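Notes for the one structure printed next.
Keep in mind that this is a model prediction, so the values were computed, not measured.
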Amino acid sequence: MLRICVTFLVALTAILTTLAAPAFAVEPISIGRNSEALDLSRAVTIYRNKGETFRISTAPGIDGIVRTIEVQATQPGTDGHWAVFALANTTETQIDRLIVAPHFRLVGSHFFWPDLGSKRIVAITPSEGFALDRVESRDADIFSITLNPGAVVTFVAELASPNLPQVYLWEADQYKDIVNSYTLYRGIVLGIAGLLALFLTILFVVRGTSMFPAAAALAWAVLAYICVDFGFIDRFFDVPVADIRTWRAMSEVSLAATLALFLFTYLNLNRWHEHLSYGAIAWVLGIAGLSALVLYDPALASGIARFSLAATAVFGLALIVVFAWRGFDRAIMLVPAWALLIAWIAAGYMTISGQIDNDIIQPALAGGLVLIVLLIGFTVMQNAFSGGAFQQNLLSNVERQALAVKGSGGIVWDWDVGRDKLSTTPDLGAVIGFGAGTLQGQPKNWLPYIHSDDRDRFRMTLDSVLEKKRGKIDMAMRLRGPDNHYSWYAVRARPVVGANGEVIRCIGTIIDVSDQKRAEERLLHDAVHDNLTGLPNRELYMDRLRNAIAIANVDEAMRPTTLIVDIDRFRQVNESIGMAAGDTLLITIARRLRRLLRPHDTLARISGNQFGIILLSETDPGRIAGFADAVKKTIKAPISFAERQIILTTSIGLATWTQARSQDEDLFGDAELALFQAKRFGGDRVEPFRPAFRTSGSDKLQLESDLRRAIERGEISLAYQPIVHARTLDVAGFEALMRWNHPRRGEIQPSEFIAVAERSDLIVELGNHALELAMRQLMDWDLALPDAGLFLSVNVSSQQVMMRDFANTLSGMQARFSSRRHKLRLEITETVLMQNPEHNARVLERVKALGIGLAMDDFGTGYSSLAYLQQFPFDTIKLDQSLVRNDWTQRDILLQSVISMANNLGLATVAEGVENMDDVRKLEEMGCKYIQGFVAGVPVTAEAATELVMTQNPVVTNDDAAAE
């Protein structure tokens, strides 16, 4: 029966080839009574992207008149792809036919972005008569037509896709017979494929070797491909026509992946060479990764899978030939199946490229694919059921040699002393890149390829083994490659002593240890160099300074100068633009500074934002000062980063060697003292060392050290300056002011220790300590003053606001020191806001959401305006005392304008520095809400503040509470 079907298909193909006459657009094809099957593909003219309305002239009718018809697309919003052809009934009887457009054809589907099939025709409109009736089919678009005797009809087909690979005209019964024939053939092929996949799966359960699941996976992939190709998948799932392309692409991807997996596991490629193992695994993983691409672009995934399938077949053929030549039994047994696979790949190439164009080639290729898997299954079964010999000869001689070489950890190194022949297996010369046999023969042949520093050691090691007649060879040497680059190799071998006590052989291994050597060199380099900039670190800097001073003690011409370069406010830069961007700035600065130095000078990165320079090329004080000024200007030059111009300033402390400061620590300490003074004077300056710095510097350093311990010991406290209502002078709240009671120095002014805290990065810790004290006091007032409704203002620094977790820190403090009746208010100067307005606005919004009030401090002394304040969630502004105490003639007009504008914006105002009742009366008339200064009261302790509120017992109005 199968032979009859195949013969029938061949005859049918011949009929289609002879009957299909070439024709041109709108030139009618004559249909005779015996025209049972016609290929209309070449007679169809396709018009793409013509819009929803399509107009065309028809073929001349019986009367010779050419008419124009206009067709409207049935799908709105379409691009408008149309196909036109004409048919002429030359008989005297009515003819009924079927127009068939298959959804998928392997022929001419191409390699990359192949046509995976789709719905082809939406509707067909004839030039006369009614629209054609569609015949239901999942494999093709079928329309029934009727041609009257002598009629010439032009047909306009609305296309669902830009391509129309094939269009047939069938007689209905003939089409039914051919479909039935294909159904029988497909059923036979599917049955064989299914039984084969099931059998190999059972074989995998019986025999757990890795090649059996790989063969079973390949069989199931073939079965899936055939199910999709034959349309059999519709019998199991209700798959929409549009999703068939995805299923088809997925089946081709699985076919390519399982074929590569089978080749890898069957030939045991992991035993031959690790590169083959890595390559095969990478190949399979790459193909498996196409499954994700299938969902995004099925056509592209299918094209890559087809290319991979062909590449696997070709690469597998090369491996089989090589392994078969070496006597590998498995490779020899796979030759028939793989030869058939190569023939199948060639036929598939000719089909996909359109060189073979008939209807039988596609099902024939499916049958050939099943035949390939059948042969592979026979090969696998032969391995599985070969009996005891299979178990005993699991490894061939070639495999054992490969495993022995791989297990040795490198290349076998064999020195035949009697013949004075040194050989390697495999050939080391070929591994390095030279010709075969380059490093075979006498040991002296190696000398031209060994590094000049290692040649003597190589000769001495070999001679020593011969002389001592014991011991071992354990040495590392550098071998030159074809590109004149050297690689490190470690030789480890032991001598073999003969019966006469002489060494007759040395056998061991030679291993490439270049990576290990490079790692060691890298570790040594990293130990004394900065990982970010590549510059020497502090340890290497101090060592070179020590050496320079040692030379200066005996050489009068040597006068080293050390410079410490510190980037001003670099922490704020990091917090505003990010750590990664800050690292980029440091690298840029390092490159700029390196260009200023001469070869015998030293540039090092000695801390996060500090660089050290040992200047040996200049000894004249004027030229040293010029060099330091050049360093400052170089760093101050704008740096372009992310469409921004960043300008950095620097503080530089320098000290030149003298006989009195003969130790490296002394010279470096003098430079640090000079840097401290440069920072103290505001930064952006060069400060040479003066002996007077030692006393003042030590005092400042001691003060910094005491301040660190003061926070831990609880020496920092708060004083509370009253803020009163302008109308009643009753206490509305307080401003918390830090106080430091030093155990030896007594009371230290805030202006002194806060400046020290800002320079030493203690300001954030100090500010957070003040916030905790303030929140604890508010919690105490909850109990002592439940009805007062007070607010407590705390100043925060720019470093605190710039911290990424500032809002989270406040939230954590609120959880520990909760206050429900009184309110915390943060005072922030307007100059702080201008450093990074966008970041600060986001931070303050989060702080505001915590229920914390926000006040702008020192308003009027910076650059902001009331209009600009709308970007920030402030509820209060504090007028600086310079505005209140000013004796300008227009002072009152200025204050009135500012207060009025603030009230219109819904902001409460606090006037600072008010000293007399006249100013209180004027400010109250202007609408100022609160007063702070001599009139309100001086800073007091927490107990005195509590007693003051309890004595006054203020009544908080609704307006006051809303303003706060």
Go through the steps to decide whether R546 and F668 satisfy the test side chain to side chain contact (heavy atoms under 4.5 Å, CB included), and finish with yes or no.
CA-CA 10 Å; R546 191 178 304 113; F668 187 79; over 6 Å; no

Apply side chain to side chain contact (heavy atoms under 4.5 Å, CB included) to residues D420 and K444 and explain how you reach the verdict.
CA-CA 10 Å; D420 196 23; K444 66 180 182 180; over 6 Å; no

Please walk me through it: do D601 and E618 pass side chain to side chain contact (heavy atoms under 4.5 Å, CB included)?
CA-CA 9 Å; D601 297 330; E618 302 291 350; over 6 Å; no

Between I450 and L479, does the side chain to side chain contact (heavy atoms under 4.5 Å, CB included) criterion hold? Intermediate values first, please.
CA-CA 5 Å; I450 299 177; L479 291 178; 3.6 Å; yes

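Residues forming a side-chain hydrogen bond (donor to acceptor under 3.5 Å, both in side chains) with T588 (at least two apart in sequence, or on another chain): none. Legend: residues meeting ring pair (Phe, Tyr, Trp, His ring centres under 6.0 Å) with F458, ordered by chain and number and at least two apart, are absent.
The structure places OG1 of T649 at 4.5 Å from CZ of R569, a figure rounded to the nearest 0.5 Å. T561 contributes atom OG1, which lies 11.0 Å from atom CH2 of W657 (distance to the nearest 0.5 angstrom). Note that the CD1 atom of I635 and the CD1 atom of I589 stand 5.5 Å from one another [nearest 0.5 Å]. In this structure, CD1 in I376 is found 6.5 Å from CG in L334, a value given to the nearest 0.5 Å. Distance CZ/R457 to OG/S464: 13.0 Å, rounded to 0.5 Å. Rounded to the nearest 0.5 Å, atoms CZ (R559) and CG (D620) are 10.0 Å apart.
The closest donor-acceptor contact from the side chain of D512 to the backbone of S487 lies at 3.5 Å or more, if one exists at all. With hydrogens and angles disregarded, no donor-acceptor distance shorter than 3.5 Å links the side chain of D530 to the backbone of P536. Put simply, the side chain of N553 gets close to the backbone of I549: a donor and an acceptor are under 3.5 Å apart. Using a distance-only test at 3.5 Å, with no hydrogens or angles considered, a donor-acceptor pair links the side chain of N537 to the main chain of L540. R605 places no side-chain N or O within donor-acceptor distance of the main-chain N or O of A590, the cut-off being under 3.5 Å. Of the possible polar contacts, one joining the T650 side chain to the D566 backbone as a donor-acceptor pair under 3.5 Å is found. Using modelled atom types, one side-chain atom of T258 and one backbone atom of S254 make a donor-acceptor pair closer than 3.5 Å.
Heavy atoms of other residues, nucleotides or ligands lying less than 6.0 angstrom from CZ of R591 number 12 at most. Other residues, nucleotides and ligands place no more than 12 heavy atoms under 6.0 Å from the NE2 atom of H485.
Side chains of L535 and R594 form a contact here, defined as non-hydrogen atoms less than 4.5 Å apart. Taking 4.5 Å as the limit, some side-chain heavy atom of L259 sits within range of a side-chain heavy atom of L218. The shortest distance between side-chain heavy atoms of S452 and R455 falls below 4.5 Å. The closest side-chain heavy-atom distance from R544 to L616 is not below 4.5 Å. I564 has its side chain out of reach of F676: every pair of non-hydrogen atoms, C-beta onward, lies at least 4.5 Å apart.
Applying side chain to side chain contact (heavy atoms under 4.5 Å, CB included) to F611 and the options L586, I606, V631 leaves one that passes, L586. For the side chain to side chain contact (heavy atoms under 4.5 Å, CB included) test with L563, the passing option among I613, I624, I614, L593 is I613; the others fail. With H451 as the fixed residue, the ring-ring contact (aromatic ring centres under 6.0 Å, His included) test singles out one of Y489, W488, Y486: Y486.
Of all heavy-atom pairs between R598 and S617, the closest is CD-CB, 3.6 Å. Across every non-hydrogen atom of A628 and I652, the tightest pair is O-CD1, 3.6 Å. A674 and G653 make their closest contact through CB-CA, 3.7 Å (heavy atoms, listed as atom of the first residue, atom of the second, distance). Residue D568 comes nearest to K679 through the heavy atom pair OD1-NZ, 2.7 Å, listed as atom of the first residue, atom of the second, then distance. Annotation for V503 and C506: closest pair CG1-SG, 4.2 Å, computed over non-hydrogen atoms. Here the closest heavy-atom approach between residue P560 and residue L667 is recorded as O-CD2, 4.3 Å.
Salt bridge status for D414 with K421: absent, with no side-chain N to carboxylate O gap under 4.0 Å.
Identified under the side chain to side chain donor-acceptor pair (under 3.5 Å) test for residues 630-641, with sequence neighbours left out: D629-K633, K636-D684, S640-Q645.
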